[in-house]
Amino acid sequence: MHITIAPASTQTGQATIRFLLADPTNPSVRGVYRNLAKVPGEFKSHPRFEAVQGDIEDVASLNFKGSDAVLNIQPAIYEDKDNIARARAVSGNIKAAIQAAASVKRLVLLSSEGAQYDHGVGEILASHAAEIVLQGAAPEVVFVRCAYFMENWAAAIETIKKASFFFSTLTPLDFKLPHIATQDIGQACAAELLSTGAPLKSNPYIFDLEGPQPYSALDVKRAFEEAVGKELEVRPVEKEGLLEFWSTVFPPEVAKRITELNLSFLPGGVLYENSKPTGETRYGKTELVVVLKQLLGGQ
Ligand SMILES: NC(=O)c1ccc[n+]([C@@H]2O[C@H](COP(=O)([O-])OP(=O)(O)OC[C@H]3O[C@@H](n4cnc5c(N)ncnc54)[C@H](OP(=O)(O)O)[C@@H]3O)[C@@H](O)[C@H]2O)c1
């Protein structure tokens with residue numbers, strides 16, 4: 001089995017490659033990097049891993065020839081550009097490269113919970129656009145709709161280290177939201193890629209992917225306290241303050257779509273009400289405290 005990961009430098013792409021290279025069926029893996037200097041040492045020396053130069057925004061740079069399966073991840077752009085047009089263009093590139101290769105039987109797209117909505121979900125509209133272009137892009141198509149990444153809390157580490165507090169845009173503080181660890185995403189994506197050729201329950205086959213339990217900001221506080229061994233304060237950013245808060249982090253249009261995304265999963269939001277559930281949910285095993293300890297260890 002030959003599998004391409006595009007792009008491979010993403011945190012979820014890296015996690016998937018680790019599971020693929022450790023798999024007893026010994027698949028070969030090609031990683032697409034726009035900057036080959038970013039290939040991690042752990043993969044570089046692996047006999048079944050090949051790194052190639054490529055940019056998902058440049059169709060001429062994508063070569064999936066010889067691959068049985070492709071994992072596509074579409075990293076967000078944090079610039080004031082039309083992210084929906086970009087998602088459509090990137091998805092068109094992936095589709096064209098699959099068709100040019102002829103060998104690809106299965107496409108797995110890393111998507112997002114809420115991608116079934118065409119309004120009110122902010123940044124997730126890019127995943128919605130990608131799903132529309134990519135259905136039918138290969139004989140077998142799988143959309144893995146992920147919950148909120150546990151790794152997003154890495155943004156809290158700076159103030160925790162400096163001043164023992166962190167901001168939470170997840171409110172009320174006891175409101176629990178599904179989270180997922182990127183290592184569990186990697187495991188789920190690797191399993192889907194390795195199942196190429198096996199019958200799908202539906203085509204596209206779509207499932208939500210969540211962690212073992214949902215977490216609130218207070219749970220995050222407790223997990224960080226366990227990880228750092230000191231008491232912490234969590235400062236809520238209430239709904240009415242979200243746009244101002246995100247505007248300190250991102251340019252204006254990005255801040256707007258991140259605010260809409262943020263509101264969509266809070267009580268009263270489109271995803272909180274979720275009138276269009278995906279239907280199937282799978283659960284990873286990794287708990288939040290494990291991820292927070294890894295994040296703190298890596299800084
Ligand atoms: N965060 C969440 O809570 C959440 C939840 C659900 C779904 N998702 C989905 O997860 C996806 C992001 O996954 P991720 O966190 O694994 O990504 P990520 O780690 O944020 O991706 C960043 C990497 O992508 C590479 N990259 C960016 N644009 C590229 C291009 N045009 N060509 C080649 N490489 C490119 C960058 O390469 P360089 O190193 O060269 O800069 C960088 O290393 C998004 O589709 C998002 O919708 C996220």
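Everything numeric here is computed off the predicted structure, so don't read it as measured data. Numbering of ligands and ligand atoms starts at 1, following listing order. Residue numbers start at 1 and run along the sequence shown.
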E50 CD: over 12 foreign heavy atoms closer than 6.0 Å = yes
ask   = Nearest non-hydrogen atom to atom 14 (P) of ligand 1 belongs to which of Q53, R145, Q11?
value = Q11
query = Any heavy atom of A8 sitting closer than 4.0 Å to ligand 1?
reply = no
ask   = Given S127, A130, S111, which one has a non-hydrogen atom that is nearest to atom 7 (C) of ligand 1?
value = S111
key: Which residue and heavy atom of the protein sit nearest atom 21 (O) of ligand 1, plus the separation   = T10 CG2, 3.2 Å
inquiry  = Are Y205 and F143 an aromatic pair, judged by ring center distance below 6.0 Å?
reply    = no
task = Evaluate the side-chain proximity of R282 to D208: yes if any heavy-atom separation is below 4.5 Å, no if none is.
result = no
Candidate with minimal heavy-atom separation from atom 46 (C) of ligand 1, of H179, K38, Q74, E123 = Q74
message = Quick check: Y272 with F175 (ring centres under 6.0 Å apart)?
response = yes
Basic-acidic side-chain contact under 4.0 Å: K230, E225 = no
query = Would you call E192 and R106 a salt bridge, taking side-chain N to carboxylate O under 4.0 Å as the test?
reply = yes
remark   = among protein heavy atoms, the one nearest atom 20 (O) of ligand 1 is P75 CB, 4.6 Å
message = How far is atom 1 (N) of ligand 1 from the closest protein heavy atom, and which atom is that?
response = N152 OD1, 3.1 Å
note = One finds that the ligand 1 atoms under 4.0 Å from a non-hydrogen atom of Y148 are 3 (O)
key: Residue and atom name of the nearest protein heavy atom (relative to atom 48 (C) of ligand 1), distance in Å to one decimal   = F149 CZ, 3.3 Å
inquiry  = Regarding atom 37 (O) of ligand 1: of the candidates A115, S9, P7, which has the closest heavy atom?
reply    = S9
Least distance between heavy atoms, L107 atom then A137 atom = CD2-CB, 4.1 Å
key: Approximate separation, where rounding is to 0.5 Å, of H128 NE2 and H119 NE2   = 10.0 Å
note = protein heavy-atom neighbour closest to atom 6 (C) of ligand 1 works out as C146 O, 3.4 Å
request  = Any atoms of ligand 1 less than 4.0 Å from a non-hydrogen atom of I56? List them with their elements.
outcome  = 30 (C), 31 (N), 32 (N)
key: Inter-residue atom distance L21.CG - S28.OG, 0.5 Å rounding   = 9.0 Å
request  = Identify which of L110, V90, D55, T12 has a heavy atom lying nearest to atom 10 (O) of ligand 1.
outcome  = L110
Option of least heavy-atom distance to atom 5 (C) of ligand 1 (set: A87, A147, G186) = A147
ask   = Does K276 count as lying over the ring of Y117, i.e. NZ or CZ under 6.0 Å from the six-ring centre, within 45 degrees of the axis?
value = yes
inquiry  = To check your reading of the model: name the closest protein heavy atom to atom 41 (O) of ligand 1, its residue, and the distance in Å.
reply    = R34 NH2, 2.9 Å
message = Please state which option from N72, I73, V32 has its nearest heavy atom closest to atom 12 (C) of ligand 1.
response = I73
